[in-house]
Amino acid sequence: MKTEPTEETCRGEWPFAPTNNKPLSQSRLIWRRFRQHRAGYLAGWVLAIMALSVFFAGFLAPYPATSPHSDAQNLPYAYVPPMLGRIHFQGLRPFVYGLKRTYDPLTSVRGYGEDTSQVYYLKLFVHGEPYRFLGLLPTDLHLFGTGQPPDSPGQFFPLGTDRFGRDLFSRILIGGRISLGIGPLVVLLSFAVGILLGGLSGYYGGGTDTVIQRTVEVAMSLPRLALLLALSAALPPQLPAISRFWGIVAILTLVGWAPLARVVRGQFLALREESFVLAARALGLGDLRIIFKHILPNTASYLIVAATLAAPSVILLESVLSFFRFGVQEPLVSWGLLMADLQDNFQYQIQFHPWLLIPGLFIFITVLAFNYLGDALRDAVDPFNIAEGPGI
Amino acid sequence: MKRQLYTIAALVGLILGLIGASGSVSFAQQAGLPASPLVVPATQMPDGPGRSGGTLTIDDTDNPKTFNPITEQESSSSAVTSLLNAPLINTSGQGAVAQAFEVSADQRSVTLTLRKGIRFSDGTPVTAADVVFTLVNVVFNPSVNSDKAAWQVAGQFPKVAALDAQTIKITAPVAFSGLLSAIASTPVLPKHLLAAAVQAGAFNAAWGVDTDPTQIAGLGPFRLKSFTPGQQVILERNPFYWKVDENGTQLPYLNEIRMPIVSDDNVRLLRFSNGQTDIYPPRPEDIPVLRQQANQGVSVLVQQAGTVDLNVIAFNQDAADPDLRALFRDLRFRQAMAYAANRQGMISANLNGLGEARFGPGIASTFWIGDQAGFPSFSFNLQKAAALLDQIGLVPDKNGLRHFADGKPVEFTLLTVQGSTVLTNDAVLFSNDLAKIGVKADVRPLDLNAVIDQLIGSRPPQYQAARISLGGGDGDPNLLRSIYQSSGNLHFWKFSDGSGQEVPAWQKQVDQLLEQQAQTLDLATRADLLDQFQTIVAQNQPLIFLYNAQGLEAFRSDRVGNFTGTTGSATLLNPEILFRK
Amino acid sequence: MLGYILRRLLYIVPLLLLISVIAFLVVKIEPGNFCTPLRIQSQALYQRCVASTGMDRPLVVQYGKWLWGIVTQFNFGYSFQNQQPVLRQLFTAGSWQSGTPLFWTLVLSLGTMLLSWLLAVPLGIYAATHRGSWRDWGVNLFSYVGLSIPNFTLAIALLWLLVVVFQVGHNCWNSAQLGQTVCLGVSGLFDGDFVSAPWSLEKFLDLLWHLWPAVLVIGAANLATIVRYVRSEMLDVLGQPYIQTARAKGLGERLVTYKHAFKNALNPLISMLGYWLPAMFEGTLVAAMILQLPLVEKVYWTALRQGDQYVVMTGLLFFSAILIGGNLLSDLLLAWVNPKIRYQ
């Protein structure tokens, strides 16, 4: 980086410097400051692209997440290495060769070679294995693929396969729904609880405040990960995977709402005495109306920042839980769960199937992006102060 | 802990030595050696007689929970207690602590003579009173958590009498084929150290992990030196051990066995690769990793039929859902499931190809099972499976899904044990193949305790289907009774016994055959009865049998001599002949 | 002030009481318990086990008995799995030579905490005073990476690097103390017979060798967080008018930075101390599980998997107590460094 003063330093000193003579609205100002935070802006784009891809995962992924592939003898295409480097071109037409098993009896290492006698062209908008588009519309249209049946050697696994011959790229995309979604989801739910309780506490004060504050204190004195482990061990065994997922969300919310309630309460306490709230009250507006129409919008920017900063820790917690197989379970997929395959035997996997580490890279990038985005938003909303809560 | 725990340790695996011709050559008396020690011939030592001294390190899978060999329940404890204790005779029917034994003409009683001058590891002489104490006051004691099933026949325990200080007579109420194996599975305990605990009714808590090592004594090749919870167990050689090699050197060769506590499979492998441990029982997937270290002194042993776990998929024939209950009781359904199990796929995906398919309860290595030739073969064949389902009347709809007559989809949950990769992978593979023939199996990994609860926690059991693994089974076939007899405690696929009304005819036959063989002492007749039993089970597939995994061992051949194997966890076989190169 | 501390301490009592109820309930709703595996042997054995451990009584009675034991005898129950009192199982099992779980947990947590502060504060100040330079950018990137890398990945990667890539096991020395060859190991706290050997320089060095990966795994995220806080607090303070005044007065930059700016930036950092404790605990739990460290966290995790109920309850209670203590401590520290803060 350069050593001369950058835009950033100037911005720090002149946050409200108008570029033309028209005054800018608060939100325009925030947006402008946010765009100037280049890393944060980039992080925002990264997250947006990731969110979009996992939203349309079913279509973008060449295969369904849980669909295994095996050869005609029903032996799974286990641990096929990434095939991105095995794309060949005939003119401009990309193709892959058929998979051929190799076995080294000396080291008992199994691998895959290319059967050059079989050529399979890669096509766009190909009819492959059936799935439900956005979970609703049954279709078999995929963005790309070879269009071969699941037991054909002519498969295209961009990032390789796991031990059942399931396509890792598809699993990452589809698993991203949970991994990317659980952060915002839990933060949103925590906020719903936090805003309700923190708001009530800060707005009314007095007895309500005391009761809620004591509850917050109890909740904040509970050890988060230890409790999470104990609680997820306590989820009823008969629970189907999807209900279990919601159970995990509920538990994460349960251990996460208290710090947010505290942030909200602080904001409400400060705003309660502001003249516009006093005025609204003097006009005889109802409490709920005041809370939702007057106070909440004024705290919104702070809340968004706190939420963005809280999301990465939820994502990391979920991955830790799933990594130790206390979290999401098959047939659902999450990045932490994909990493759990590594935990089963990491020396073997890292040595022979290093591509199984790729989901970890996705966790890393997501958390990194959320951190950058959160910091950028915070600087944009509040260039002077640090309105940073403790995070979830 | 892990692997062994996941394998439900249903039957006490008999882990004692393969070694022991009872010679009685006398040697120049060495301090601590009994007057007539057992000579281990060089032919039973892979590397010949070794040299004394040195330390061996093998990771234990968890903290031992107790040093009490009678009440211990799991492998991290038995890995230690098996080195500290010895039985009167060993599993191959030779004298151990007893120099000689004699079976009476009516085949109901055994008379055993103790080895002369034999002493516990604290130096106290062993007498017949110790044996009587062990059996009558401990093993048969109703308040002690001991394995009583192995000793009971016709609902009674044998009578135990000390004829003199060196001689014990054990008499069963009827002819009992399991008597010798029961004796071989029970260690001899020191009365002087444990009598007080028994009197106080506190035997179950005796020899807990807090016990001062000098208060623990046994007849095994080693004795406890120290235990640091969470860190390591150290065992030292028993100076009073009763075996010698051909040259008259007292065994064990090793001075010390160190067992650091490492509860993670991956870390155990890393520590072995790093040279921190000398022996490591690998998982199938570790083989490629270990083969790469061959130039660093790592040797891998693949044994033909090492582990004898019963790898099965079970269907609860008393399931709460009436449709499923009827379906699971239908032989054609179970046969379809047997056809739908891709055993080669499982062996290839899970075991790195190191296993063999299996279609019945047989285990190749035991005397009572020659081969599986008589069993019907259910090689993977989805067409046959689909045809059988069609026959039952479960016809697929246009989406390929099968439905019951009342329109409900054919769908069940398939339990596996959480954390056990092998079990879960098998279940996932199986459910994938079932999906192809229109049956939905929802794989659900649960904590081991929860699985046990679902399998045998209540009558009738709660589960629908389960991919489980039952440990042991290579011991005396009498131990299989708790699984296959309809009154058995582990008979988890159908509990409708009691009244006997719902028990199908073939099951009655199985019950009868197993009862009959228990009271038959003639080996040929017994093997014949057992053959009949197995063929019936294989035909009726109450359990879907999957495969036998091959036993795998890895050890540092540049450091360890005379290594003969482990039981798949940290329990060493023949620890007394191991030596340091 | 003293009255305030007393009141805070008194307040902890009902707080812990409530948490003990929560801990008890969380543990009791788990399916299966320590006796469950006995069912394989026989139902009678199982029933006897349940009866002897009192697990067949009503929950209220069980809780009451547990609480009564704690209050009257400081007895937190019994570890059925290991047949010893919970306190011994969880905290004090071990010897002077080998250390106990509680000892190692304190050493690792506090040591890592101290170390990360010692490293993070200078780094943060450095980054803040070199704002916009490539050094600042480097520190920033490092802290973002430290914050974003899942600690289990870090632990696994470290182990693998040490053994497979660097092959540390080939580095051996002859230990005069033990009279045997010792090689560099991974996982656990000691190699070979050092576990029960008397303390010596050699044993201490062996311990240090085993500790550093754990410190890294526990400390990485922490270090990154603190660096970020220090940096932003410092930036904040350095932008204040009184710093400009100090500079205008002609005070040296060093004096401005450390005397004026850092002192004022410290307050919010100390108030965050209480919040870092849980993060610390999480790192320690993951490190204990992957690196096989004999910590309270490892005992807790094992007990959780084996259904050793009273150990789990007491563990939860203990970790809560640590959190509460941490919060109290950070409040007091804050009052100490900032006389403006008053407590009623």
Side-chain angles (χ1 to χ4, degrees), chain B residues 1 5 8-10 55 57 62-66 68 73-74 142-143 145 147-149 204-205 208-210 225-226 228-232 234 256 258 260-264 266-268 270-271 273-276 289 296 419 446-457 459 470 482 489-490, chain C residues 30-34 36-43 45 48-49 52 81-84 88-89 93-95 97-101 104 156 159-160 162-164 167-170 172 180 183-193 195-196 289-295 298-299 302 305-307:
Chain B
M1 168 190 88
L5 261 184
I8 301 175
T55 304
T57 311
D62 198 356
N63 281 321
K65 310 292 179 293
T66 176
N68 189 325
Q73 299 284 347
E74 43 72 65
S143 73
N145 294 346
D147 179 26
K148 299 189 171 62
N204 289 335
V209 289
D210 254 1
K225 187 177 177 193
S226 71
T228 313
Q231 302 199 32
Q232 75 175 349
I234 299 182
E256 240 180 46
R258 220 191 280 139
I261 288 139
V262 180
S263 56
D264 187 288
N266 292 317
V267 180
R268 276 202 298 280
L270 275 175
R271 287 163 55 85
S273 301
N274 200 34
Q276 282 166 274
V289 178
Q296 294 163 25
L446 296 186
D447 216 47
L448 179 69
N449 278 351
V451 173
I452 295 174
D453 208 50
Q454 297 253 318
L455 287 178
I456 50 178
R459 289 168 183 238
L470 293 159
S482 65
N489 186 45
L490 276 173
Chain C
E30 274 167 39
N33 56 45
F34 149 75
T36 308
L38 286 178
R39 283 196 155 144
I40 294 170
Q41 295 199 343
S42 79
Q43 292 294 325
L45 214 57
R48 215 168 47 232
C49 174
S52 72
Q81 190 67 253
N82 291 275
Q83 310 202 331
Q84 56 183 352
R88 178 154 177 79
Q89 167 76 5
S95 65
Q97 271 93 12
S98 60
T100 66
W104 289 121
I156 283 181
L159 278 183
W160 183 75
L162 284 176
V163 172
V164 177
Q167 306 201 334
V168 292
H170 293 292
C172 305
Q180 51 181 254
C183 304
L184 287 183
V186 291
S187 89
L189 286 175
F190 301 104
D191 277 321
D193 285 339
V195 175
S196 41
M289 290 193 282
I290 297 182
L291 301 175
Q292 304 292 310
L293 308 171
L295 308 181
K298 178 91 192 301
V299 182
T302 314
R305 305 226 61 176
Q306 295 172 342

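A note on names: the letters A, B, ... follow the listed sequences, proteins ahead of strands, and every chain is numbered from 1. Every value quoted in this text rests on a predicted model; they were computed, and no experiment measured them. Computation of the quantities below employed the complete heavy-atom set of this structure, encompassing side-chain atoms and omitting hydrogens, waters and symmetry-equivalent molecules.
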Subject >> Which atoms of C/Ile156 approach chain B - backbone, side chain, both or neither, heavy atom under 4.5 Å >> reply: neither

Original post:
What is the minimum heavy-atom distance between C/Pro294 and B/Gly230, and which atoms define it?
Top reply: CB-O, 3.7 Å

**OP:** Check each atom of B/Thr55 against the heavy atoms of chain C and say whether the ones under 4.5 Å are side chain, backbone, both or neither.
**Re:** neither

Original post:
For B/Thr228, is it the side chain, the backbone, both, or neither that has a heavy atom closer than 4.5 Å to a heavy atom of chain C?
Top reply: side chain

**OP:** Using a cut-off of under 4.5 Å on heavy-atom pairs, state which of B/Pro229, B/Gly275, B/Ser273 scores highest against chain C.
**Re:** B/Pro229

Subject >> For the student: nearest non-hydrogen atoms of B/Gln231 and C/Leu189, plus distance >> reply: NE2-CD1, 4.3 Å

**OP:** Measure the CG-CG distance between B/Asn266 and C/Leu159 for me, rounded to the nearest 0.5 Å.
**Re:** 9.0 Å

Original post:
Where does B/Pro260 contact chain C at under 4.5 Å (heavy atoms): side chain, backbone, both or neither?
Top reply: neither

Original post:
Under the 3.5 angstrom rule, does the side chain of B/Gln276 hit a backbone N or O of C/Val186 as a donor-acceptor pair?
Top reply: yes

Original post:
At what distance, to the nearest 0.5 angstrom, does CG of B/Asn274 lie from CD of C/Gln167?
Top reply: 8.5 Å

Original post:
Judged by atom type as modelled, is there a donor-acceptor pair below 3.5 Å linking the side chain of B/Asp264 to the main-chain atoms of C/Ile290?
Top reply: no

Original post:
To the nearest 0.5 Å, what is the distance between CD (C/Gln89) and CG (B/Asn63)?
Top reply: 7.0 Å

Subject >> Greatest number of heavy atom pairs closer than 4.5 Å to chain B - which of C/His170, C/Met289, C/Arg88 >> reply: C/Arg88

**OP:** Give the member of B/Val209, B/Val267, B/Asp210 that has the highest number of heavy-atom pairs under 4.5 Å with chain C.
**Re:** B/Asp210

